[in-house]
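Predicted model, so just to flag it, every value in this text is computed and none were measured. Atoms within a ligand are numbered from 1 in the order they appear, just like the ligands themselves. No hydrogens, no waters, no symmetry mates; every other heavy atom, side chains included, goes into these values.
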Amino acid sequence: MADNLTYKILRKHLVEGELIPGKEIGIRIDQTLTQDATGTMAYLQFEAMEIDRVKTEISVSYVDHNTLQQGFENADDHKYLQTVAAKYGVHFSRPGNGICHQVHLERFGKPAKTLLGSDSHTPTGGGIGMISIGAGGLDVAVAMGGGLFYLIAPEVIKIELNGELRPWVSAKDIILHVLSLLSTKGNVNKVLEYCGVGIKNLSVPERATITNMGAETGVTTSIFPSDEVTLNFLKAQSRAADWQEIAADKAAQYSQIIKIDLGQILPMVALPHSPGNVVSIKELAGKKVDQVEIGSCTNASLSDLTLVGNILKNKKVHPDVSLAIAPGSRQVFSMISKSGVLAMMINAGARIMESVCGFCIGCGQAPQTDAVSVRTNNRNFEGRSGTASAGIYLVSPPIAALCAIYGEFVDPFNPDIGAMPKLDLPNSFDIDDSMIVFPDVTKTNTDIFRGPNIGAPPKNRALNKQLIGEVAIKVRDKITTDHIMPAGPRLKFRSNIKKYSTFVFEGVDPDFSRNAEKLRDSGKAVFILAGDSYGQGSSREHAALCPMYLGVKAVIAISLERIHAANLVNFGILPMIFSEPKDYDNISQGDQLSISNIIEALDNNQDIIIENLTKKTKVKMKYTLSLRQKEIIKSGGLLNYTKNKS
Ligand code: MIC
Ligand code: SF4
């Protein structure tokens, strides 16, 4: 049978189900990754499973998101993560070693393997030819324990890249172009598979920029074949032995084919407040810029930063611009410091940051009021930068560097800008894994450090036959998990659910959490009413866990995004979709709802009927739940379900 690359790897890892698009499958996971912001909950859940040691080929715990350590909370979390890693046989990448996706690509990713990560940008690993999927922490904890990961067998879209990029046009512009074609919604349960002669000229980090930001389209993952380019990257990382060639069969089938001529792509910008608002840079030329942030898991590789340094060389950052640069990993940081690129940046006036997520998740570098902030990362959701009124514009590293020098957007094809600097990149990277604590198999009795900010994950009860309650919030289309569960300064409470829950929907309706708690305490069910594409963005399971803690029993939406929908199920919240999207308009915040046929409907595959007691109307709801997911919901979440089964 001729398989595409995606199905080739999935077939090798298939344990349950049939590989037919749209059907639920269970696959074996070879590698996992977690980061600090989602990791504490994942490991607390892993501990609750009472398994001796992780059962994957390799599991890595990274500390990269929240390293500001304002207060004891983060430092405590980091220590918990280090000790829990030592106890269960997990590799621990210390703060300062770099952003999880960048380091994983450099040091651990392997072609043809499966990787599950508690971060939505885990598909970065697709740049090296692995199936890498983002999921909630609980799914990752299950995979660490040797359990299967369940997903819908995807439709695969072939993206054929032909030709070559012009100078000043980067891998970032390719993915921005793809986003302009596919948008940020309607791509759930799809995979983007890249091929074509054009990929030969894209290095592994460039491919990883594309697979990383593919997450913004909402697909399950994106993948490139593993070829000679991959081998050269692995050789440069002293990991040639990890290479294997893998590509789609010649006669492979795809649900859709998109052909892109790289030579036609222009430098692009994603306008506020969605990565899908893509326009050509020409449209913005001359617009004043206040802040430029270069870094993140999308664009902070050695080649990205070497190019940035060479553009900044012998130039000065515009006096009205604040430029900050964060290398993606310690390897990149160390190499730019030895090559002189770091000095070029410093001499130009750049502010050098740690090798962490930092600004990308709103941990520092909040821009000024109403700012125009130009960034090389992948998300520009409203408020994510820490400044609600600021607009974030997503661009490639060379465009960001030009904005920093000129203080405005510039079209690099303008003859005054001149030629793009030529890069001279080394054939081998500096290898130093001393910031990774390797698990010691002889040591199993490590004491786990727990600070006062760490609490056991809250428990849920089995689903009631009938739910009577109130629509505590009605939100519009494209609500992201950043809207539901803000990060930035609130991030330090990720291990403290009671406290973190007080910030649910903080920027949308500051009274939500108090109102929901009141409803919960009076025995009522709390309902969230949402528009199209609810739960875009981050994989943070807190966007389901904290609402569960506040008594949310169901999300009633026009449509839901994959990772968030799975997280809702994992925490026993029923995700429902309107049979008729226009019914959304007929329910208001504050309406009293009653759903009485839930268990029966789930068991018999029937629609769920919501009775609107306030408006005296009835609404028909659909759901796309597998048999396993229905059982999970009925048990009140995955932890209860797993316990009931054993
Ligand atoms: C993000 O980019 O939104 C994050 C922060 O990396 C999240 C994870 C989190 O919320 O901790 C993600 O992408 O999943
Ligand atoms: Fe970190 Fe930003 Fe990447 Fe998320 S998108 S992993 S916050 S760098």
Identity and separation of the nearest protein heavy atom to [atom]:
{"atom": "atom 2 (O) of ligand 1", "value": "R384 NH2, 2.9 Å"}
{"atom": "atom 13 (O) of ligand 1", "value": "S120 OG, 2.5 Å"}
{"atom": "atom 5 (C) of ligand 1", "value": "I361 CD1, 3.1 Å"}
{"atom": "atom 11 (O) of ligand 1", "value": "R494 NH1, 2.8 Å"}
{"atom": "atom 8 (C) of ligand 1", "value": "Q35 NE2, 3.1 Å"}

Are [X] and [Y] close enough that their ring centers fall under 6.0 Å?
{"X": "Y62", "Y": "H101", "result": "no"}
{"X": "H483", "Y": "F505", "result": "no"}
{"X": "F449", "Y": "Y80", "result": "no"}

R351 atom CZ, over 12 foreign heavy atoms within 6.0 Å: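 Incorrect, the count does not exceed 12.
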Is the shortest N/O to N/O distance between S538 and ligand 1 below 3.5 Å?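 Between S538 and ligand 1 (N or O atoms, distance only) the closest approach is under 3.5 Å.
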Min N/O separation R540 to ligand 1 under 3.5 Å: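 There is such a contact, yes.
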Between D532 and K478, is a salt bridge (charged side-chain N to carboxylate O under 4.0 Å, His left out) present by the stated rule, with each step listed? CA-CA 6 Å; D532 209 3; K478 288 198 191 176; over 6 Å; no
Per-atom contacts of ligand 2 with R384, taking only distances under 4.0 Å to non-hydrogen atoms: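 Those atoms are 2 (Fe), 5 (S), 7 (S).
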With heavy-atom distances below 4.0 Å as the criterion, list the atoms of ligand 2 near H65.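 This gives 1 (Fe), 4 (Fe), 6 (S), 7 (S) as the contact atoms.
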If you define the side chain from C-beta out and look only at heavy atoms, does anything of R330 sit under 4.5 Å from D432?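 SC-SC contact between R330 and D432 confirmed.
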Check whether any side-chain heavy atom of F72 lies under 4.5 Å from a side-chain heavy atom of P452, and answer yes or no.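 With C-beta onward as the side chain, the pair touches.
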Atom CG of L394 and atom CG of L271: how far apart are they, to the nearest 0.5 Å?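 With rounding to 0.5 Å, CG (L394) is 9.0 Å from CG (L271).
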What's the spacing between I325 CD1 and F359 CZ if we round to 0.5 Å?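 Result: 10.0 Å between the selected atoms.
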Heavy atoms only: which of D119, D64, T38 is nearest to atom 6 (O) of ligand 1?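 Among D119, D64, T38, the closest heavy atom to atom 6 (O) of ligand 1 belongs to D119.
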Using a strict 4.0 Å threshold on nitrogen-to-oxygen distance, state whether [X] and [Y] make a salt bridge.
{"X": "R494", "Y": "D77", "value": "no"}
{"X": "R450", "Y": "D76", "value": "no"}
{"X": "R476", "Y": "E382", "value": "yes"}

Quick one: does ligand 1 sit under 4.0 Å from the side chain of E541, the backbone, both or neither, non-hydrogen atoms only?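 Answer for E541: neither.
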Of the side chain and backbone of R379, name the one, both, or neither that has a heavy atom under 4.0 Å from an atom of ligand 1.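 For R379, only side-chain atoms sit under 4.0 Å from ligand 1.
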Run the side-chain hydrogen bond (donor to acceptor under 3.5 Å, both in side chains) test on N570 and D139 for me, step by step, so that the C-alpha distance in whole Å, both residues' side-chain angles and the decisive distance to 0.1 Å come before the verdict. CA-CA 8 Å; N570 282 352; D139 282 331; 3.0 Å; yes
Which of the ligand 1 atoms, numbered from 1, are nearer than 4.0 Å to a heavy atom of A37: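 What qualifies from ligand 1 is 11 (O).
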Numbering as shown, the atoms of ligand 1 that approach H65 to under 4.0 Å (heavy-atom distance):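 With H65 as reference, the close atoms of ligand 1 come out as 4 (C), 5 (C), 6 (O).
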Using a distance threshold of 2.8 Å, what protein N/O/S atoms lie below it relative to atom 3 (Fe) of ligand 2?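 Counting only protein N, O or S atoms under 2.8 Å from atom 3 (Fe) of ligand 2, the list reads C297 SG.
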